[in-house]
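Within every chain, numbering begins at 1; the chains are lettered A, B, ... in the order of the sequence lines, protein sequences first and strands thereafter.
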There are 2 protein chains.
Amino acid sequence: MENITEMLKGVLEGCVLEIISRGETYGYEITQHLRELGFTDVVEGTVYTITIRLEKNNLVDIEKKKSTVGPPRKFYTLTEAGREQLEVFWTKWDFITSKMVELKTMEIKRRG
Amino acid sequence: MENITEMLKGVLEGCVLEIISRGETYGYEITQHLRELGFTDVVEGTVYTITIRLEKNNLVDIEKKKSTVGPPRKFYTLTEAGREQLEVFWTKWDFITSKMVELKTMEIKRRG
DNA sequence: TACTAGTATATAGTATTACAGAGTAGTCGT
DNA sequence: ACGACTACTCTGTAATACTATATACTAGTA
């Protein structure tokens with residue numbers, strides 16, 4: 001899918017939170033998951049900016065571990081605040097999707 | 001719903017296109033519709049920037065009409081390009097929503 | 001007249017976010 | 001030594017919604 005950049009804003013961070021919530025993982029792997037999911041154009045740099053942001057906002061804990069196949073990995077796990085943020089994310093997402101359905105099906109009332 | 005700003009990026013323009021597709025309308029009325037829909041924090045300025053953008057991209061035709069209750073209104077209707085853009089928007093939206101469902105339900109494959 | 005409220009368009013400036021593009025490092029196989 | 005893959009880092013840019021404000025027209029009312 002091309003050019004969904006703008007539509008991903010505010011969504012991608014939630015995706016990353018969700019992926020981390022399934023178990024500790026690191027930036028490169030998160031990128032791979034997103035690409036497998038279908039967001040094929042997501043690059044490491046994008047995920048990096050998101051993880052940095054999550055770290056700044058204390059939504060994730062970090063543990064550095066050595067790898068046998070490359071440089072050390074920074075593993076992320078959600079903090080309590082991170083889990084709360086993830087819930088908030090899905091609440092917002094559900095709100096918007098419900099409104100979009102409403103928009104698609106609603107009769108628009110006209111004024112005079 | 002608070003703070004859904006970022007999540008609305010790339011979505012709001014599609015909403016405006018959809019609303020215009022139902023029949024000619026103007027900025028202020030579009031804002032009202034969006035607020036009735038539930039996007040209560042959307043303000044005129046935001047819609048204005050969107051309609052300007054639509055105009056620049058030749059997605060809408062404009063007709064100025066006098067009003068009995070205030071200054072003249074600028075009525076918008078979709079051009080052929082606008083209708084195509086609206087279809088593209090829903091395609092993208094459906095893609096993202098399907099991926100989000102997948103994300104929510106998917107088993108995440110772990111690597112070694 | 002003067003004031004207020006509701007309607008309606010317009011615009012400058014700001015914050016947030018995803019992305020492009022590049023760099024740096026570590027490990028492994030040849 | 002070299003290339004391929006893994007993995008994190010960083011700088012800068014474009015797109016978009018929002019804040020805040022200004023302008024203008026009509027109607028009601030004091």
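When rounded to the nearest whole Å, the span between CD1 of A:I52 and P of C:dC19 equals 17 Å. At whole-Å resolution of the value, OH in A:Y28 and P in D:dT6 are 4 Å apart. If you measure from atom CG of A:N3 to atom P of D:dA15, you get 10 Å, rounded to the nearest angstrom. Straight-line distance from the OH atom of A:Y76 to the C1' atom of D:dT9: 10 Å, rounded to whole Å. Protein atom CD1 of B:I50 is 14 Å distant from nucleotide atom P of C:dT9, rounded to whole Å. Going from atom CD of A:E55 over to atom P of D:dC8 covers 12 Å, rounded to whole Å. For the pair A:K64 NZ and C:dA25 P, the computed distance is 12 Å after rounding to whole Å. Atom OH of A:Y26 is separated from atom P of C:dA25 by 21 Å (rounded to the nearest Å).
The shortest distance between the side-chain N/O atoms of A:R73 and the OP1/OP2 oxygens of C:dG26 is not below 4.0 Å.
Ranking D:dA7, C:dT9, D:dC18 by closeness to the B:K74 side chain, first place goes to C:dT9. Comparing D:dT16, D:dA7, C:dA18 by their closest approach to the side chain of A:L12 singles out C:dA18.
To the nearest 0.5 angstrom, A:T51 atom OG1 is 11.0 Å from A:K56 atom NZ.
Scanning atom types as modelled, one donor and one acceptor separated by under 3.5 angstrom connect the side chain of B:K9 and the base of C:dT16.
Across all strands shown, B:T46 has heavy atoms under 4.0 Å from base atoms, whether or not it also approaches the sugar-phosphate. Residue-level contact check: B:G27 touches the backbone only, with heavy atoms under 4.0 Å from sugar-phosphate atoms and none from bases.
Remark on DNA chain D: of its neighbouring residues A:Y48 and A:E6, the 5'-side contact belongs to A:Y48, judged by nearest-heavy-atom nucleotide.
Looking only at side-chain heavy atoms (C-beta outward), B:E84 and B:E87 stay at 4.5 Å or farther from each other.
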